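Please read these numbers as outputs of a predicted model, since none were measured by experiment.
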Amino acid sequence: MVELAFPFVIIMILIVAEAIFLQKIKKATINWPDIIFNLNSGHLMLWFFRGFEVFCYHFIYTHFSFNLFVDVPVILIWIFTLFAWDFGFYWEHRLHHTIPILWAIHVLHHQGENFNLSLAVRNSWYSSLASIPFFALLALAGVPTPIFTAVSVFHYSIQFFNHNAVTPKLGILEQIFVTPNHHKVHHLKNRFYSNSNFSGSFIFWDKLFGTFKTLPTDKTIAYGSHGIKSQNPFWASLLPFMKLLNIHYTPSTSGYYRVPNTLLVSGGLILFCLVLCYVYDYGYGYQNPNITQYLLFSSLVLGSIALGGIAEGKRWGIITWFMLCCCIPLFFIILLQWSALYWLLFMGLIAMHGVITFILWIKGQYLAI
């Protein structure tokens, strides 16, 4: 399913290219472990729930739709959906900052302290689930699923662009569209500013409903959000709910080792490439799933958790990563005889990465923290 995997390829290339540009040309300090966490914070779990969101939308559309657009020209349906989707996103986003359980889902996105393209993909595992009730209204109205998904991709692409750290002010476009200049305000650590500029693509929603703000003139701008943070995507997604339920637990983030950024970044990129291969083969994964798919899915999710453990300097992270990196190619290539070139390439690379990571650890090459 190349049409689903290709956007992920573009996203990964742009994220890495921007980081290299900022580091080499702009001489900015780049937090590479943070970028890898952002890439791995959602990926397959987020993809799984995004598929569930589309599944729910299509179910409502086919069983409960009022069919309000039966005699409406297709071009008008597209125009309506373009604005209605963004209107729905505005209120979804605004309520995420107002209702505690929705904020528990959304806060992970705001915990990123570096404004760059990777921040756009930093999300809770459960973020797509929260979108279902907001866009179900479009399904009830009778907007066909293909139009809904296409418009969603268009708006999410704009939102991805609006997290870049390179684009200057865009002149007259600043009056109509959400731009990086607007969205930086939304990611400021000061809640006075972060509780504004909720729009996804069209900035006039904020101006219409009184939630528009501009960047402060103070040059000491800080991004992020207060709260317990973790490099482990499992804990990062779960901790806000535990706080909401007054469950007091703080996972240790002080480890014993510091793995070189080169090793952490390369592992994260290889794992992300395997995720792309999964998307290419299985799409959303809801059509005739089998035990092989379940095993691959679980292995890749566990891989992202193991990388989080490595980023925090944990022994279990290194050991789990090594075991996964060896077991995945042994099972799928040797036992199941998968022969597609992309699986051979990236499973081979991840096996090499796991072995190198483990050997360097055994030899005591990682600095104690």
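F69 and F80 have their aromatic ring centers within a separation under 6.0 angstrom. Ring centroid separation for the pair Y156 and F161 does not come in under the 6.0 Å cut-off. A ring-centre distance under 6.0 Å is not found for W91 and F134. If you look at F135 and Y57, their ring centroids are not closer than 6.0 Å. Residues W343 and F332 keep their aromatic ring centres 6.0 Å or farther apart. Taking the ring centroids of H96 and H93, they lie at or beyond the 6.0 Å cut-off. Between F55 and Y284, the ring centre distance reaches or exceeds 6.0 Å. For F198 and H97, the distance between ring centers is under 6.0 angstrom. Y223 has its ring centre no less than 6.0 Å from the ring centre of H110. No close placement of the W321 and F358 rings is indicated, their centers lying 6.0 Å or farther apart.
Inspection of the H186 and S194 side chains reveals no N or O donor paired with an N or O acceptor under 3.5 Å. For the residue pair E174 / T179, a side-chain donor-acceptor distance below 3.5 Å is found, with atom types taken as modelled. The closest side-chain donor-acceptor pair between N40 and S304, if any, does not fall under 3.5 angstrom. Side-chain contact check for N38 and S41: no donor-acceptor pair (N or O, by modelled atom type) lies under 3.5 Å. A side-chain donor-acceptor contact under 3.5 Å links S118 and N116. Side chains of E92 and S131: a donor on one and an acceptor on the other come within 3.5 Å.
Two residues are said to be in side-chain contact when any heavy atoms from C-beta on lie closer than 4.5 Å; Q175 and I172 meet this criterion. For the pair V355 and M352, the minimum side-chain heavy-atom distance is 4.5 Å or more.
Of all heavy-atom pairs between V166 and E18, the closest is CG2-CG, 4.0 Å. Scanning both residues, I333 and M347, for their nearest heavy atoms gives CD1-CB, 3.6 Å. Between G112 and L119, the shortest heavy-atom distance links the atoms CA-CD1, 3.9 Å.
A cation-pi geometry, defined here as NZ or CZ lying under 6.0 Å from the six-membered ring centre and within 45° of its normal, holds between R191 and W103. Judged by the 6.0 Å distance and 45° axis criteria, K213 is not positioned over the aromatic ring of Y193.
Atom CG in L349 sits 8.5 Å away from atom CG in L274 (nearest 0.5 Å).
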Next on the checklist: Using side-chain contact (heavy atoms from CB on, under 4.5 Å), reason through F346 and L276 one step at a time and then give a plain yes or no.
Outcome noted: CA-CA 10 Å; F346 294 116; L276 296 179; over 6 Å; no
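For the ring pair (Phe, Tyr, Trp, His ring centres under 6.0 Å) with W205, the qualifying choice from W85, Y90, F89, F87 is F87, the only one to do so.
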